[in-house]
Amino acid sequence: MNTAIIETPAGYSGLSWTPVGLVVLNLPSPSPQDAEIKLREAIEGLPVKPGSKKEIPGSWFELSSVEREIALYFGGKSVDLEFPVDWGYYTEFQKRVLQKVYLIKWGQATTYGQIAADLGSPRGARAVGSAVGSNRALLIIPCHRVIARNSGLGGFGGGLDWKRKLLKLEGITYKE
DNA sequence: CTAACTAAACCTA
DNA sequence: TAGGTTTAGTTAG
């Protein structure tokens, strides 16, 4: 498990990855030290033996390109942040949900219920909510673009203030 | 296996 | 808008 701390316009972010793809990308913290603590906590919380299978040979990962894209993102640019994700750390259901979320483009939004319907469980919105909450690769898996259909904007692991900030950055509106 | 959790949605008034 | 009901998957015991 590789780890690094990168600098972004919004602070310092910790990330970790395997030869398969990204595992963790945290939201920026004010200091590198804070970012490191958050990263360590995120890694400790990972399920034990990951089911990572097919490894992509060669190095897909260039820290500098991640750093550059994240910087563009916080600068308000419409970037896709399409980096590979190591899905081996999620349960089957979480993976199905998060892979849907992964496809949501910059500036777009969907609802928990819509994802549930896409997965064939039209009434599974609540289960989708708990699965989305397991996302560890923030921004890369844009779970902030998933909002509640009727009341409110749902929740967010990194705090609702962050969610509002990210949605505003992308010009996404929601009911409040 | 059950029961108590959810980052939801729906129904009624 | 507010409150209660329904709902599906995860997690703890």
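In what follows, chains carry the letters A, B, and so on, assigned in the order in which the sequence lines appear, proteins first and then strands, with residues in each chain numbered from 1.
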- prompt: Taking 4.0 angstrom as the limit, do A:K165 and A:E170 come out as a salt bridge?
  reply: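 The answer is no: the pair does not qualify as a salt bridge.
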field: Ion pair A:E92/A:R96, N-O distance below 4.0 Å
entry: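 Salt bridge: no.
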[X] has an atom [atom1]; how far is it from atom [atom2] of [N], in whole Å?
X      : N      : atom1 : atom2 : result
A:I115 : C:dA8  : CD1   : P     : 17 Å
A:L153 : B:dA9  : CG    : C1'   : 15 Å
A:E92  : C:dA8  : CD    : P     : 20 Å
A:R126 : C:dT11 : CZ    : C1'   : 15 Å
A:K100 : C:dG9  : NZ    : C1'   : 18 Å
A:K95  : C:dT10 : NZ    : C1'   : 16 Å
A:K163 : B:dA8  : NZ    : C1'   : 11 Å
A:N135 : C:dG9  : CG    : P     : 19 Å

query: What is the minimum heavy-atom distance between A:L169 and A:G76, and which atoms define it?
result: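 Scanning both residues completely, I find the closest heavy atoms to be CD1-CA, 3.8 Å.
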- line: Closest non-hydrogen atoms of A:R164 and A:L153, given as atom of the first, atom of the second and distance, are CG-CD1, 4.2 Å
May I ask you to say what [X] touches in the nucleic acid, namely base, sugar-phosphate or nothing, with a heavy-atom cut-off under 4.0 Å?
X      : value
A:F93  : sugar-phosphate
A:A127 : base
A:G113 : sugar-phosphate
A:G155 : base

- prompt: Has the side chain of A:K100 got a donor or acceptor atom that lies under 3.5 Å from a matching backbone atom of A:Q114?
  reply: no
Identify which nucleotide among [options] has an atom closest to any side-chain atom of [X], counting heavy atoms from C-beta outward.
X      : options              : result
A:Q94  : C:dT11, B:dA9, B:dT6 : C:dT11
A:A148 : B:dA9, C:dG9, C:dT11 : B:dA9
A:R149 : B:dA7, B:dA8, B:dC10 : B:dC10

- request: Give, for atom CD1 of A:I147 and atom CZ of A:F156, the distance between the pair rounded to the nearest 0.5 Å.
  value: 13.0 Å
Just to confirm, is there a sub-4.0 Å distance from OP1 or OP2 of [N] to any side-chain nitrogen or oxygen of [X]?
X      : N      : result
A:R123 : B:dA9  : no
A:S130 : B:dC5  : no
A:T91  : C:dT10 : yes
A:N150 : B:dA8  : no

- prompt: Starting at the 5' end of DNA chain C, what dot-bracket string do you get if Watson-Crick and G-U pairs under 3.5 Å are bracketed, crossing pairs use [ ], other-strand pairs use | and unpaired bases use dots?
  reply: ||||||.||||||
query: Are A:L139 and A:F74 close enough that some pair of their side-chain heavy atoms sits under 4.5 Å apart?
result: yes
message: I want to check something: taking the side chain as every heavy atom from C-beta on, are A:L15 and A:L63 in contact at a cut-off of under 4.5 Å?
response: yes
